[in-house]
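Just so you know, ligand 1 is whichever comes first in the structure, and atom 1 is the first atom listed for that ligand. These values consider heavy atoms only, across backbone and side chains, with no hydrogens, waters or symmetry-generated copies.
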Amino acid sequence: MAEPLKVLITGAAGQIAYSLMFQVGSGSVFGPNQPLKLVLLDILPMKSVLDGVLMEMMDCALPLVKEIVATVDETEAFTDVDVAMLVGAMPRREGMERKDLLAANVKIFKSQGAAMDKVSKKNIKVVVVGNPANTNALICSKYAPSIPKENFSCLTRLDQNRAQAQVAARVGVDTQNVGNTIIWGNHSSTQFPDVSHATVTKDGKVVSVYEAVKDDDWLKGDFIKTVQTRGGAVIKARKLSSAMSAAKATCDHIRDWWTGCAEGKWVSMGVISDGSYDIPKGLMYSFPVRTKPDHTYEIVQGLSISDFARAKMDATAKELQEELAAAMEVCEH
Ligand SMILES: NC(=O)C1=CN([C@@H]2O[C@H](COP(=O)(O)OP(=O)(O)OC[C@H]3O[C@@H](n4cnc5c(N)ncnc54)[C@H](O)[C@@H]3O)[C@@H](O)[C@H]2O)C=CC1
Ligand SMILES: O=C([O-])CC(=O)C(=O)O
């Protein structure tokens, strides 16, 4: 059997982590032959809850989990980590935008970036879930300069899954029959869910989403709005933000990054922009990426961009530039 992978989950006493850690421990992310050491980090006021979660994880008696450490010490948590799922942060409540969390959350990622820089493995892979996810991920990477920028990502897979599910329901197919949807930009209400390169497989035939849906007004209007505002709709209904679906999307994100995506397919991940599609270099922006079995990825190149798409891609990039300026202000003062 392989050496155990050290996987860190932060916000371990919170609601996303409660769904996430069982899926990771059961082998559905790194596969049935990969042993794991799980590290669960939360903050001191949550220690008792964290201890309870640790008891439950032990009681799951998962054969792949060789060791579980629950801690409130950042340095201990980040030491020698291979994969970090950075969930721990304050969630928004009804009526807030995700960027309203910036002042409260961004310093968490400054501090964790600095810890990672000192004690994690240099090839650590990081997904930031805590909101505002793109900007937090960028800040984390800025404070971990010894770790390659490509190793940092943020979660937009939940948006991709939402887009896929909306189209599947509209056309009447299973979700896996909708392929290559794209989320461009920020995990916020300016994100651009783009189906102009996506396909639907129905009755054995592969057709474009536009052809399958036959309602361009919906695809350019309510579909986009529904995906952009889905997080808020869940908060309004549940009085808590999405947790089960966020945990599932985090697993999808890391699984695909770890094992690679199928031939001809891509997935959306927030990654550092290299200037592709004229998105300013250095922003943490969601692109379609092709992941590979060696845990690398490349941004899918050469997709045609309509004027409609261009305007939306630029608007979400502009919001990310503004968020970054606000985040740097918080971090430097
Ligand atoms: N990117 C995405 O698609 C999504 C992101 N989110 C975000 O994920 C974050 C977590 O959401 P929930 O689990 O529902 O929140 P929660 O409030 O249930 O749990 C958050 C946990 O993080 C802990 N925490 C706070 N500071 C920490 C630190 N410095 N180190 C370690 N742990 C710390 C808290 O004590 C708490 O236990 C929120 O910011 C939420 O907005 C939620 C859904 C989707
Ligand atoms: O909407 C929120 O605040 C939580 C979140 O990021 C999502 O559900 O996409």
Side-chain angles (χ1 to χ4, degrees), residues 8-21 39-53 70-78 84-116 126-137 139-140 153-163 165 183 185-191 193 226-254 268-270 284 286:
L8 167 65
I9 297 176
T10 72
Q15 52 152 5
I16 294 176
Y18 196 73
S19 287
L20 177 60
M21 65 185 76
V39 184
L40 311 177
L41 175 70
D42 212 288
I43 50 175
L44 190 57
M46 296 301 285
K47 174 128 186 20
S48 152
V49 178
L50 184 63
D51 288 343
V53 171
T71 179
V72 294
D73 182 296
E74 215 165 65
T75 304
E76 182 187 3
F78 277 93
M85 304 180 180
L86 304 186
V87 178
M90 189 195 282
R92 68 175 166 147
R93 302 283 175 206
E94 205 173 331
M96 294 169 83
E97 285 295 326
R98 295 183 187 97
K99 62 186 165 198
D100 298 336
L101 295 168
L102 215 150
N105 286 345
V106 80
K107 282 196 171 155
I108 297 174
F109 295 88
K110 171 182 176 181
S111 168
Q112 293 183 352
M116 202 182 283
V126 181
V127 60
V128 172
V129 177
N131 278 317
N134 301 55
T135 299
N136 288 337
I139 292 297
C140 194
S153 69
C154 77
L155 188 73
T156 54
R157 184 59 172 268
L158 177 54
D159 307 295
Q160 179 192 313
N161 288 349
R162 287 167 173 162
I183 304 299
N186 199 1
H187 174 64
S188 77
S189 51
T190 67
Q191 67 177 266
T226 300
V227 177
Q228 287 174 330
T229 59
R230 188 66 157 189
V234 171
I235 293 173
K236 194 162 189 291
R238 237 170 65 83
K239 311 294 171 216
L240 285 171
S241 61
S242 299
M244 175 174 50
S245 55
K248 195 277 183 175
T250 306
C251 292
D252 291 343
H253 175 114
I254 292 289
S268 291
M269 283 171 42
M284 181 68 62
S286 180

For G11, the ligand 1 atoms whose distance to one of its heavy atoms is below 4.0 Å: 21 (C), 22 (O), 23 (C), 31 (C), 32 (N)
Between I108, L8, L158, flag the one that comes closest to atom 29 (N) of ligand 1 by a heavy atom. I108
If every non-hydrogen atom of I183 is compared with every non-hydrogen atom of S286, which pair is closest and at what distance? O-OG, 2.7 Å
Less than 4.5 Å apart, side chain to side chain, heavy atoms only: is that true for L101 and M96? yes
Among all protein heavy atoms, pick the one closest to atom 8 (O) of ligand 2 and tell me residue, atom and distance. R162 NH2, 2.7 Å
Does any N/O atom on S242 come nearer than 3.5 Å to any N/O atom on ligand 1? no
Please examine the side chains of P193 and R230, heavy atoms only from C-beta on, and report whether any two atoms are closer than 4.5 Å. no
Suppose we measure from atom 2 (C) of ligand 1 to each protein heavy atom; which comes out shortest, and what is that distance? H187 NE2, 3.2 Å
Contact with ligand 2 for V234, non-hydrogen, under 4.0 angstrom: no
Nitrogen or oxygen atoms of R92 and ligand 2 under 3.5 Å apart: yes
Looking only at heavy atoms, is any part of M90 under 4.0 Å from ligand 1, and if so is it the side chain, the backbone, or both, or is it neither? backbone
When every non-hydrogen atom of L86 is compared with those of C140, the smallest separation belongs to CD1-SG, 3.9 Å
Nearest-neighbour protein heavy atom for atom 19 (O) of ligand 1, which is reported as residue plus atom name and distance: G14 CA, 3.2 Å
Between E97 and S189: side-chain donor-acceptor atoms closer than 3.5 Å: yes
Among R98, R238, R230, closest by heavy atom to atom 7 (C) of ligand 2 is R98
Looking only at protein heavy atoms, which one is nearest to atom 1 (N) of ligand 1, and how far off is it? V129 O, 3.2 Å
Please work out which of N161, V127, V87 has its closest non-hydrogen atom nearest to atom 10 (C) of ligand 1. V87
Region of P91 engaging ligand 1 - heavy atom pairs below 4.0 Å: both
Among L155, V72, N136, N131, the residue with a heavy atom nearest to atom 6 (N) of ligand 1 is N131
Return the closest protein heavy atom for atom 8 (O) of ligand 1 as residue, atom name and distance. I16 CD1, 3.4 Å
Q112-T10 side chain donor-acceptor pair, cut-off 3.5 Å: no
For atom 23 (C) of ligand 1, state which one of V234, D42, I9, N134 supplies the nearest heavy atom. D42
I need the contact type for N131 against ligand 2. Using non-hydrogen atoms and a strict under-4.0 Å cut-off, is it side chain, backbone, both or neither? side chain
For A246, take its heavy atoms, then give the atoms of ligand 1 lying under 4.0 Å from any of them. 43 (C), 44 (C)
Under the side-chain hydrogen bond (donor to acceptor under 3.5 Å, both in side chains) rule, what do N161 and D252 come out as? Steps first, then yes or no, please. CA-CA 9 Å; N161 288 349; D252 291 343; 3.0 Å; yes
My understanding is that we take every heavy atom of each candidate and find the minimum distance to atom 30 (N) of ligand 1. Doing that for E74, K47, Q112, which one comes out nearest? Q112
List ligand 1 atoms under 4.0 Å from I43, heavy atoms only on the residue side. 26 (N), 27 (C), 28 (C), 29 (N), 30 (N), 33 (C), 35 (O)
Nearest protein heavy atom to atom 6 (O) of ligand 2, by residue and atom, and its distance? H187 NE2, 2.6 Å
Ligand 1 versus M46: contacting region, heavy-atom distance under 4.0 Å: side chain
For A13, counting its heavy atoms only, list the atoms of ligand 1 lying under 4.0 Å from any of them. 37 (O)
Atom 18 (O) of ligand 1 has as its nearest protein heavy atom Q15 N, 2.9 Å
